[in-house]
There are 2 protein chains.
Amino acid sequence: MFQGEFSNNMDEKGRVSIPAPFRDTLRTHHTDGQLFITRSHNTDCLIAYPTREWKRLQAAVKEMPAKLRPHFKRAVITPSQLFSPDKQGRILLACALRQHASLSRSVHFAGTGETFEIWDKASWDKQLVTDLAALQDFELDM
Amino acid sequence: MFQGEFSNNMDEKGRVSIPAPFRDTLRTHHTDGQLFITRSHNTDCLIAYPTREWKRLQAAVKEMPAKLRPHFKRAVITPSQLFSPDKQGRILLACALRQHASLSRSVHFAGTGETFEIWDKASWDKQLVTDLAALQDFELDM
DNA sequence: GGTAAATTCCCCACGATTCCCCACTAAATC
DNA sequence: GATTTAGTGGGGAATCGTGGGGAATTTACC
């Protein structure tokens with residue numbers, strides 16, 4: 001399980017460290033240790049899928065409305081990049097991906113269970129304000 | 001597998017480098033290293049097929065509705081060109097193909113699994129905007 | 001048919017980027 | 001306080017993209 005949020009800095013060469021806890025779950029729960037990183041189709045962030053989850057996504061593509069499929073393939077499947085973090089646990093994101101999430105120096109990692117998201121810190125903070133506002137009048141009953 | 005997106009520049013002689021990762025998969029997964037490049041029948045791009053996939057396409061042509069077959073043959077099969085990248089991994093596209101994809105200087109390569117697409121960068125960007133807009137309200141359930 | 005021009009092909013060379021390794025610092029752990 | 005671990009920076013080798021030169025081939029034109 002990927003959970004928690006972490007901020008790391010991207011250096012001048014464009015490298016960012018994957019937070020150590022995420023690297024751990026990747027190593028222990030996902031045998032090949034590989035990550036598919038791609039755009040989120042409806043938010044300004046990237047999503048990282050371990051191989052098993054990536055396969056589930058590909059299966060989901062086959063189930064989605066046929067009209068949307070080519071859009072989804074171009075926007076999400078094609079730009080995906082396969083990573084196995086280097087010895088220092090860092091990855092180097094391709095330009096197209098960096099741009100989609102408007103990543104600058106401060107990069108925010110957010111665990112979402114079976115996958116995790118990669119945000120520009122500023123975008124994340126902004127998003128969070130929206131999220132809290134939307135929930136203002138909502139009472140959870142449980 | 002061809003995956004990821006890459007932009008390369010076409011020089012004045014009309015040569016473009018095939019992205020190195022694509023050259024790799026071509027070398028390792030496709031013994032003859034040859035590429036059939038032709039127009040896409042329904043988008044403004046070119047599609048590159050390794051020999052094995054090209055054969056599958058030809059088989060598919062035989063299965064398609066008889067009414068469409070001659071159209072498809074003329075539009076897609078005829079204009080195809082066979083390439084084996086030069087020592088530097090470059091190819092020289094014929095004029096007809098270049099025109100169909102409106103290729104100018106910046107050329108975009110998009111991996112789509114067993115094949116890859118060749119786009120003019122500007123067209124690709126435009127297409128991507130459309131794609132993301134179409135997916136805006138779509139929720140993936142997986 | 002012969003000459004000139006243009007195109008294609010093959011090779012080399014340069015600059016930028018990427019990859020891989022090592023090292024430093026700060027924080028956490030014992 | 002010593003040791004480990006995480007995040008970050010930098011150096012050097014290798015690779016990749018790209019430009020250009022010249023030979024070979026093709027095309028155009030007289």
Side-chain angles (χ1 to χ4, degrees), chain A residues 2-28 33-35 37 46 48 79-99 103-111 116 118-121 124, chain B residues 2-28 32-35 37 46 48 79-99 103-111 116-121 124:
Chain A
F2 299 103
Q3 66 178 176
E5 23 174 345
F6 308 89
S7 278
N8 284 338
N9 292 324
M10 192 165 74
D11 67 20
E12 279 116 39
K13 293 185 182 178
R15 301 173 294 186
V16 242
S17 295
I18 306 281
F22 289 1
R23 268 184 277 159
D24 280 353
T25 53
L26 197 59
R27 206 157 13 82
T28 54
Q34 290 188 327
L35 269 185
I37 300 183
L46 306 179
S80 73
Q81 222 186 329
L82 176 61
F83 292 97
S84 22
D86 68 10
K87 231 181 187 176
Q88 283 80 347
R90 283 182 289 197
I91 53 169
L92 180 70
L93 293 167
C95 252
L97 292 180
R98 240 181 283 175
Q99 279 177 12
L103 295 184
S104 54
R105 190 170 155 76
S106 188
V107 179
H108 199 74
F109 294 82
F116 63 90
I118 304 176
W119 289 75
D120 179 65
K121 184 64 165 60
W124 172 264
Chain B
F2 299 104
Q3 70 173 175
E5 28 175 346
F6 308 90
S7 278
N8 284 337
N9 292 323
M10 192 165 74
D11 67 19
E12 279 116 39
K13 294 184 183 177
R15 302 173 293 185
V16 242
S17 296
I18 306 281
F22 289 1
R23 270 183 276 158
D24 280 353
T25 55
L26 198 58
R27 204 157 16 80
T28 54
D32 63 354
Q34 289 187 328
L35 272 183
I37 300 183
L46 306 177
S80 73
Q81 219 189 330
L82 177 60
F83 293 96
S84 25
D86 68 11
K87 228 183 189 176
Q88 282 80 346
R90 285 182 287 198
I91 52 170
L92 180 71
L93 292 167
C95 254
L97 291 179
R98 240 182 281 176
Q99 279 177 11
L103 295 184
S104 54
R105 190 171 154 76
S106 189
V107 179
H108 199 74
F109 294 82
F116 62 89
E117 298 179 350
I118 304 176
W119 290 73
D120 179 65
K121 182 66 164 61
W124 172 265

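Naming convention: chains lettered A, B, ... in sequence-line order (proteins, then strands); numbering from 1 in each chain.
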Atom CG of B:D11 and atom C1' of C:dC14: how far apart are they, to the nearest Å?
15 Å
Assert: residue with more 5' nearest nucleotide on DNA chain D, out of A:N9 and B:K13, is A:N9
Considering only heavy atoms of chain A and a distance under 4.0 Å, specify the first and last nucleotide of DNA chain D in 5' to 3' order that meet this criterion.
D:dA6 to D:dG12
When rounded to the nearest 0.5 angstrom, what is the spacing between CD1 in B:I18 and CZ in B:F83?
8.5 Å
Say you draw a straight line from CZ of B:F2 to CG of B:L26; how long is it, rounded to the nearest 0.5 Å?
5.0 Å
How close or far is atom P of C:dT17 from atom CZ of B:F6, stated in whole angstroms?
16 Å
Which residue pairs pass the salt bridge (charged side-chain N to carboxylate O under 4.0 Å, His left out) test with at least one member in residues 11-22 of chain B, sequence neighbours excluded?
B:D11-B:R15, B:D11-B:R90
Is there a side-chain contact between A:L46 and A:L103 in this structure, where contact means two heavy atoms from C-beta onward sitting under 4.5 Å apart?
yes
Counting primed atoms plus P, OP1 and OP2 as sugar-phosphate and everything else as base, spell out the protein contacts along nucleotides 23-30 of chain C at 4.0 Å heavy-atom distance: B, S or - for each nucleotide, 5' to 3'.
--------
Under the side chain to side chain donor-acceptor pair (under 3.5 Å) test, residues paired with B:D120 that sit two or more places apart
B:S104
For A:R27, which residues count as a side chain to side chain contact (heavy atoms under 4.5 Å, CB included) partner, sequence neighbours excluded?
A:D24
Got a sec? Which of residues 16-28 of chain B come in under 4.0 Å of DNA chain D, heavy atoms?
B:S17, B:I18, B:P19, B:A20, B:R23
Not counting sequence neighbours, which residues clear side chain to side chain donor-acceptor pair (under 3.5 Å) with A:Q81? List them please.
none
Just jot down the side chain to side chain contact (heavy atoms under 4.5 Å, CB included) partners of A:P19, sequence neighbours excluded, or say none.
A:F6, A:N8, A:P21, A:F22, A:F109
Please classify the nucleic acid contact of A:N8 as base, sugar-phosphate, or nothing, using heavy-atom distances under 4.0 Å.
sugar-phosphate
With sequence neighbours excluded, tell me which residues meet side chain to side chain donor-acceptor pair (under 3.5 Å) with A:S80.
B:Q3
Quickly work out the B:K87 NZ to C:dT8 C1' distance and round it to whole Å.
17 Å
For A:S7, all residues meeting side chain to side chain donor-acceptor pair (under 3.5 Å), sequence neighbours excluded:
A:H108
Over how many whole Å does the gap from B:R15 atom CZ to C:dC11 atom P extend?
13 Å
Hey, does B:I91 have a side-chain heavy atom less than 4.5 Å from the side chain of B:L35?
no
Start at the 5' end of DNA chain D and walk down; is the nucleotide closest to A:S7 or to B:E12 reached first?
A:S7
